[in-house]
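Throughout, a chain's letter reflects where its sequence line sits, starting with A, and its residues are numbered from 1.
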Amino acid sequence: MTAVEHRRLMSQPSPANPKPDQPGVHESARRDKLRKIIRMGIDPWGSRFDQRTHIGDIRARAGEIKFRSEAGQYLEIPDVDGQPDLDFRQWLQQQGPGQLEGPAVRAAGRIVLQRKAGKLRFVDIQDWTGKIQLFIGKQQVGDADFELAENFDLGDIVGVDGQLWRTKTGELTILAEKLHFFCKSIEPPPEKHHGLQDPELRQRMRYLDLTYSDGVLQRFLQRTRIVQSIRQTLAQAGFCEIEGPTLHTIAGGAAARPFLTHHNALDMPLFMRIALELHLKRLLVGGIERVYELGRVYRNEGISPRHNPEFTMLEVYQAFGNYETMMDLTERIITDAIDAIGGGYQLPYGDQQIDFTPPFARKTYDQLFQESTGVAPDDHVGVREYAQRLGLEIANRHPDVIKNEVFEHQVEDRLQGPVFVIDYPASICPLTKRKADQPQIAERFELFIHGMEIANAYTELNDPDLQEELFKTQLDGMPEEDSMARMDHDFIRALRHGMPPAGGLGIGIDRLVMLLTNSPTIRDVILFPLMRPESSSAKS
RNA sequence: GAGGUUGUAGCUCAGUCGGUAGAGCAACGGACUUUUAAUCCGUAGGUCCUGGGUUCGAGUCCCAGCAACCUCACCA
């Protein structure tokens, strides 16, 4: 980046305050209430609140609510939530005089819905485990707290001490005895029936999407569980997590264009990493026999429903393993992750169903090629003609590269899977060891699910001379940005010191999460996907 | 990078043939101590994405730009 570009970037107006002009009706109404709360002697920005129970746990105690008759006898109440036809109001009348008694509870959450009925207010609050209704009666909480409740707005964060209880309609409710106030929301929330619909706003204002869109918070919590499960599976298998550098002097390990950045003090260009591979293999050389990194990589490529410029990648290396070791591990990582989020191995994806029951199918590259195209994979002329019919670029290209173009166009999209595609042509896999008895075949697999490449694994090449030669061949044949790898002399030097034979595996975490959470785009599983800045001409 | 679609109140959306800018939710005032998207009466709220053009007159038609989404390409 030039100094001029840098200054331009730094001087861009912040989008945080797009409307410095007069506050609108909503903001002034909310600021009025804010002032009233302060006048009541209450800190509108709250403080520590101990001994609170999560709403989900409170709801689980519904069974403890009893009916206490005037004679002092306790009576079980019917399962209101389990019987939608039950008229709870009628049931209460039949019991004669008495009242409901439930456990004392303390909750806090954001106000997502309010209903006012004279000297009575119903307020639905929500925390990250669920939602519950508060019954706030002037008589029950007293004048001061009721005045506080009159200054509640949708979006405020409040707390309550009260009794777990049911209203006459049977709704599980906290009968408020004491109110607390934690935060005033100055901005109004989205529309209460539809929430945020505009995908642009949902991504820019993810905090609103998380709070007000059904299933969004759950989906991101599931992502966390999946990642935790992966770490746990690898830890149990004896793998060691490390953190490699994200700033590289050579962007290697994958075929992708890197982001370029600059170190000022060293006055040196740097690349954001495009893969984890080469540093992890250096650690195999260093004796870390089972090693992995689960972290962000950056690729300066296009954006699509399946691509974000930064995404999360898992790479695993196991000394004395091979690609078959990695296949078993991949299956375990994925099935453990599914166990971690529950719901079984039949997962819906869009209008389809994906069966993750292990073992996943294993088919050779050539076998799938033949099945799908009807052309013999070693028939160079036939493959070339087939590629021509598809309109693919074939001039001056290696027969295996042409074959792979055909494979990517005709086979990959149709692999509903999960299916391990195994035994790739060696010429398109420069970092892969060949089969001992079939040197034209690389010991590699890719896992396809729903037409998406989810995992990629090799028996790693540890012959330094062959590795260097293959790097060179790759670099010779193509313009630099097309090449499968860039020459990394230090990596070759590491190999010359001796790397044990090993299996290596890469898994695209975002795509795996997409499949396991039934998310149609990668942006649905990335909290803050890359977006252009909001300009002054943009809406909102 | 190419093509298509969309952009109107805080949010969700209408807006006919080019002729005074609309609704619901949210907000404000009022009624209501068992509401469930509470209800009822009343009030306020607009850079129609931005900039040009055509026209007596543009939310609407034309051109350019911005942003998002979809498809394709690069890529995983």
Requested in this report: Give A:R202 one of three labels, base, sugar-phosphate or nothing, depending on what nucleic acid heavy atoms sit under 4.0 Å from its own.
Outcome: nothing
Requested in this report: Between A:G118 and A:T167, just flag the one whose closest nucleotide in RNA chain B comes earlier from the 5' side.
Outcome: A:G118
Requested in this report: Just compare B:rA67, B:rC13, B:rU34 and give me whichever is closest to any side-chain atom of A:W165.
Outcome: B:rU34
Query raised in the report: When you measure from the side chain of A:Q197, which nucleotide among B:rU35, B:rC74, B:rC13 comes out closest?
Result: B:rC13
Report task. Write down the distance separating the C1' atoms in B:rG22 and B:rU34, rounded off to the nearest Å. Result -> 36 Å
Report summary line: Applying side-chain hydrogen bond (donor to acceptor under 3.5 Å, both in side chains) to A:R306 and not counting sequence neighbours gives none
Report task. Take atom P in B:rA9 and the same atom in B:rA2, then report the distance between them in whole Å. Result -> 30 Å
Requested in this report: When you get a sec, tell me which of B:rA76, B:rC28, B:rC70 is the closest nucleotide to the side chain of A:I522?
Outcome: B:rA76
Query - Watson-Crick/G-U partner (both atom distances under 3.5 Å) of B:rU50 - result: B:rA64
**Report entry** Integer angstrom distance from the C1' of B:rG7 to that of B:rA14
**Finding:** 15 Å
Report task. Would you jot down, in residue-number order, the residues of residues 119-127 of chain A having a non-hydrogen atom under 4.0 Å from RNA chain B? Result -> A:K119, A:L120, A:F122
Report task. Give one of base, sugar-phosphate or nothing for A:D32, where a contact means two heavy atoms less than 4.0 Å apart. Result -> nothing
Query raised in the report: Quantified in whole Å, what is the C1' atom distance between nucleotide B:rU60 and nucleotide B:rU43?
Result: 30 Å
Query raised in the report: A:T521 near the nucleic acid: base, sugar-phosphate alone, or nothing, with a heavy-atom cut-off under 4.0 Å?
Result: sugar-phosphate
Requested in this report: Indicate whether OP1 or OP2 belonging to B:rA67 is found under 4.0 Å from a side-chain N or O atom of A:R532.
Outcome: yes
Report summary line: Contacts of A:D124 meeting side-chain hydrogen bond (donor to acceptor under 3.5 Å, both in side chains) (sequence neighbours excluded), chain-then-number -> A:R115
Query raised in the report: From B:rC69, B:rU71, B:rC25, pick the nucleotide closest to the side chain of A:P305?
Result: B:rU71
Query raised in the report: For atom C1', what is the distance between B:rG19 and B:rC61, given to the nearest Å?
Result: 15 Å
Query raised in the report: Does B:rU71 have a Watson-Crick or wobble partner in any strand here, with both distances under 3.5 angstrom, and which is it?
Result: B:rA2
Query - Length of the CZ-P vector between A:R204 and B:rG7, whole Å - result: 17 Å
Query raised in the report: Quantified in whole Å, what is the C1' atom distance between nucleotide B:rA76 and nucleotide B:rU5?
Result: 27 Å
Requested in this report: Would you classify A:R511 as touching base, sugar-phosphate or nothing, given that sugar-phosphate means primed atoms plus P, OP1 and OP2, and contacts are heavy atoms under 4.0 Å?
Outcome: base
Query raised in the report: Hey, does the side chain of A:R115 come within less than 4.0 Å of B:rU35's phosphate (OP1/OP2), counting only N and O?
Result: no
Query - A:R299 side-chain N/O to B:rA76 phosphate OP1/OP2 under 4.0 Å - result: yes
Query raised in the report: When you look at A:Y424 and A:N456, which way does the side chain to side chain donor-acceptor pair (under 3.5 Å) test go after all the steps?
Result: CA-CA 11 Å; A:Y424 279 66; A:N456 186 9; over 6 Å; no
Query raised in the report: Please give, in whole Å, the distance from B:rA26 C1' to A:K33 NZ?
Result: 10 Å
Query raised in the report: Which part of the nucleic acid, if any, lies within contact of A:A29, taking any heavy atom under 4.0 Å across all strands shown: a base, the sugar-phosphate backbone alone, or nothing?
Result: sugar-phosphate
Requested in this report: Determine the contact category for A:G195: base if any of its heavy atoms lies under 4.0 Å from a base atom, sugar-phosphate if only primed atoms, P, OP1 or OP2 are that close, otherwise nothing.
Outcome: sugar-phosphate
Query raised in the report: What is the distance from CE of A:M272 to P of B:rA76, rounded to the nearest Å?
Result: 18 Å
Query raised in the report: Which is true for A:I454 with a 4.0 Å heavy-atom rule: it touches a base, it touches only sugar-phosphate, or it touches nothing?
Result: nothing
Query raised in the report: Taking atom P in both B:rA67 and B:rG18, what distance in whole Å separates the two?
Result: 30 Å
Report task. Counting heavy atoms from C-beta on, name the nucleotide in B:rA68, B:rC74, B:rU34 closest to the side chain of A:P199. Result -> B:rA68
Report summary line: The Watson-Crick or G-U wobble partner of B:rU33, with both key distances under 3.5 Å, is none
Report summary line: The answer to which of A:Q139 and A:P190 contacts RNA chain B further toward the 5' end, by nearest nucleotide, is A:P190
Query raised in the report: Is A:E27 paired with A:R30 through a side-chain N to carboxylate O contact shorter than 4.0 Å?
Result: no
**Report entry** Distance-minimising heavy-atom pair for A:R523 and A:P529
**Finding:** CG-CB, 3.6 Å
Requested in this report: State plainly whether the residues A:E101 and A:K66 are in salt-bridge range, i.e. N to O under 4.0 Å.
Outcome: no
Report summary line: Per atom distances to the A:E453 side chain, the nearest of B:rC28, B:rC69, B:rA76 is B:rA76
Report task. Could you tell me whether A:M313 contacts a base, only the sugar-phosphate backbone, or nothing, with contacts defined as non-hydrogen atoms closer than 4.0 Å? Result -> nothing
Query raised in the report: Given B:rA26, B:rA76, B:rC28, which nucleotide is nearest the side-chain atoms of A:F311?
Result: B:rA76
Query raised in the report: Which nucleotide sits closest to the side chain of A:H26: B:rG10, B:rC28, B:rC32?
Result: B:rG10
Query raised in the report: Could A:R444 and A:Y458 be counted as a cation-pi pair, given that NZ or CZ must be under 6.0 Å from the ring centre and within 45° of the axis?
Result: no
Requested in this report: Under a 3.5 Å limit for both distances, which nucleotide forms a Watson-Crick or G-U wobble pair with B:rU43, could you say?
Outcome: B:rA27
Report task. Look at A:E150 together with A:K138 and state whether they make a salt bridge at an N to O cut-off of under 4.0 Å. Result -> no
Report task. Round to the nearest Å and state the distance from A:D156 atom CG to B:rA26 atom C1'. Result -> 14 Å
Query raised in the report: Between atom CD in A:E191 and atom P in B:rG45, what is the gap in whole Å?
Result: 21 Å
Query raised in the report: Is the shortest side-chain N/O distance from A:R523 to OP1 or OP2 of B:rC69 below 4.0 Å?
Result: yes
**Report entry** Ionic contact status for A:E460 with A:K281, cut-off 4.0 Å
**Finding:** yes
Query - Below 4.0 Å: OP1/OP2 of B:rA38 and any side-chain N or O of A:K192 - result: yes
**Report entry** Separation of atom NZ in A:K138 from atom C1' in B:rC32, rounded to whole Å
**Finding:** 13 Å
Report summary line: From the candidates B:rC11, B:rA67, B:rU35, the one with an atom nearest any side-chain atom of A:R89 is B:rU35
Report task. Taking only the side-chain nitrogens and oxygens of A:R31, find out if one of them lies under 4.0 Å from OP1 or OP2 of B:rA27. Result -> no
**Report entry** Side-chain donor/acceptor of A:Q133 to base of B:rU35, under 3.5 Å
**Finding:** yes
Report summary line: Atom CD1 of A:I303 and atom P of B:rU71 are separated, to the nearest Å, by 14 Å
Query raised in the report: Is A:D209 paired with A:R204 through a side-chain N to carboxylate O contact shorter than 4.0 Å?
Result: no
Query raised in the report: Given the C1' atoms of B:rU71 and B:rC13, what is the spacing between them in whole Å?
Result: 26 Å
Query raised in the report: In whole Å, what is the span from the CG atom of A:L208 to the P atom of B:rU12?
Result: 10 Å
Requested in this report: Would you please say whether a donor-acceptor pair under 3.5 Å links the side chains of A:D524 and A:S519?
Outcome: no
Query raised in the report: Counting side-chain heavy atoms from C-beta on, which of B:rC28, B:rU33, B:rG45 comes nearest to A:V25?
Result: B:rG45
Query raised in the report: When the aromatic ring centroids of A:F407 and A:Y365 are compared, is their separation below 6.0 Å?
Result: yes
